[in-house]
Amino acid sequence: MKIRVGNTHLNIEDRGTGPPLLLIHGFPLNLEVWRPQIEVLSHSNRVIAVDLRGHGQSPATPGPYPMDLLADDCAAVLKSLEVQQPAVVCGLSMGGYISFSFFRRHPKLVSGLILAATRAGADSDQGRASRDKAVAQTEQLGIRPVIDSMLPILLAPNTYNENPELVQVVVDIVSQTSANGMVSALQGMKDRRDSTQLLGQIEAPALIIHGLDDQIIPMRDSEAMRAGIPNSQLEIIPDAGHLLNLEQPEIFNRIVTSFINQL
Ligand code: MLT
């Protein structure tokens, strides 16, 4: 379903009834990465998953896409869908960066935070230089170089080597990202704020989930969020990498359900 947001429209999925759960995907993904969550969690929740602008079926507008802009897009989606109660906001990786912006800008819309495979800190100088390189490559050659470099590290080594079907699912998802969307999101991530100081001010309950074999976000980043957010818990999923919700969907869904039931 397409929803008008500002000067563009976003593709979203809105399934089920119950406490609202907003799912924000990572880079360079789209809402299909949440398929195992949409199918199962919509039995107990109103699950709202968004294709961020320039990703999936949402068209690319001129960039860059600051995390605040993408957070405001998500808030506009909730408003447009007339979601009446605060939502559990669940962000995966870049979706986590957006969740911090969402909390900063729309705290009243948040009943709980789920921070999966993400970090509070800003990019290091080296990280910012890598973003510039990826932007230049994408502008010259399209989405392929970034996909080729990310694919082997998006999944745990075991998943990547032994689960070709899941690898294909991920290839299909990332291949839908437009070059403009990719460049604009890279620029937005590069300039995102450091949310470390925000952690202590997060009053909402928070669930932090980390894949033991994550090759993109180190465990210490999840531990730092756990130490910084007063009312938080950290769950570690074995045999899972950066796309932990796709790699271990049953465990991920069980952890999320138990968190939502505690709220
Ligand atoms: C993501 O999965 O969203 C990205 O890997 C995050 C990042 O590049 O910092």
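Below, all heavy atoms of this structure are taken into account, side chains as well, without hydrogens, waters or symmetry copies. Computed from a predicted structure; not experimentally measured. Both counts, for ligands and for their atoms, begin at 1 and track the order of listing.
- Here the rule is salt bridge (Lys or Arg N to Asp or Glu O under 4.0 Å) with D123, and of R131, K190, R128, R193 only R131 fits it.
- Counting heavy atoms under 4.0 Å from ligand 1, residue R131 touches it through the side chain alone.
- For the residue pair N253/Q37, the side-chain donor-acceptor check at 3.5 Å is satisfied.
- If you number the atoms of ligand 1 from 1 as listed, the ones under 4.0 Å from a heavy atom of M150 come out as 5 (O).
- Looking at S93, S130, A116, it is S93 that brings a heavy atom closest to atom 6 (C) of ligand 1.
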- Task: Would you sort out whether V170 and L246 count as a side-chain contact (heavy atoms from CB on, under 4.5 Å), showing the intermediate values?
- Result: CA-CA 9 Å; V170 177; L246 268 186; 4.0 Å; yes
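- The distance criterion of under 3.5 Å between nitrogen or oxygen atoms is met by M94 with respect to ligand 1.
- The N/O atoms of F27, backbone and side chain alike, include one that comes under 3.5 Å of an N/O atom in ligand 1.
- Taking a cut-off of under 4.0 Å to the non-hydrogen atoms of H242, the atoms of ligand 1 that pass are 1 (C), 2 (O), 5 (O).
- Close approach of ligand 1 to G26 (heavy-atom distance below 4.0 Å) involves ligand atoms 3 (O).
- The aromatic rings of H55 and F27 sit perpendicular to each other, their planes meeting at more than 60°, with 30° as the lower class boundary.
- Here the straight-line distance linking atom CG of L166 with atom CD of E247 works out to 6.5 Å at 0.5 Å rounding.
- Close approach of ligand 1 to Y97 is summarised as follows: ligand atoms under 4.0 Å from at least one heavy atom of the residue are 6 (C), 7 (C), 9 (O).
- D172 and Q168 form a side-chain donor-acceptor contact under 3.5 Å, judged by distance and modelled atom types alone.
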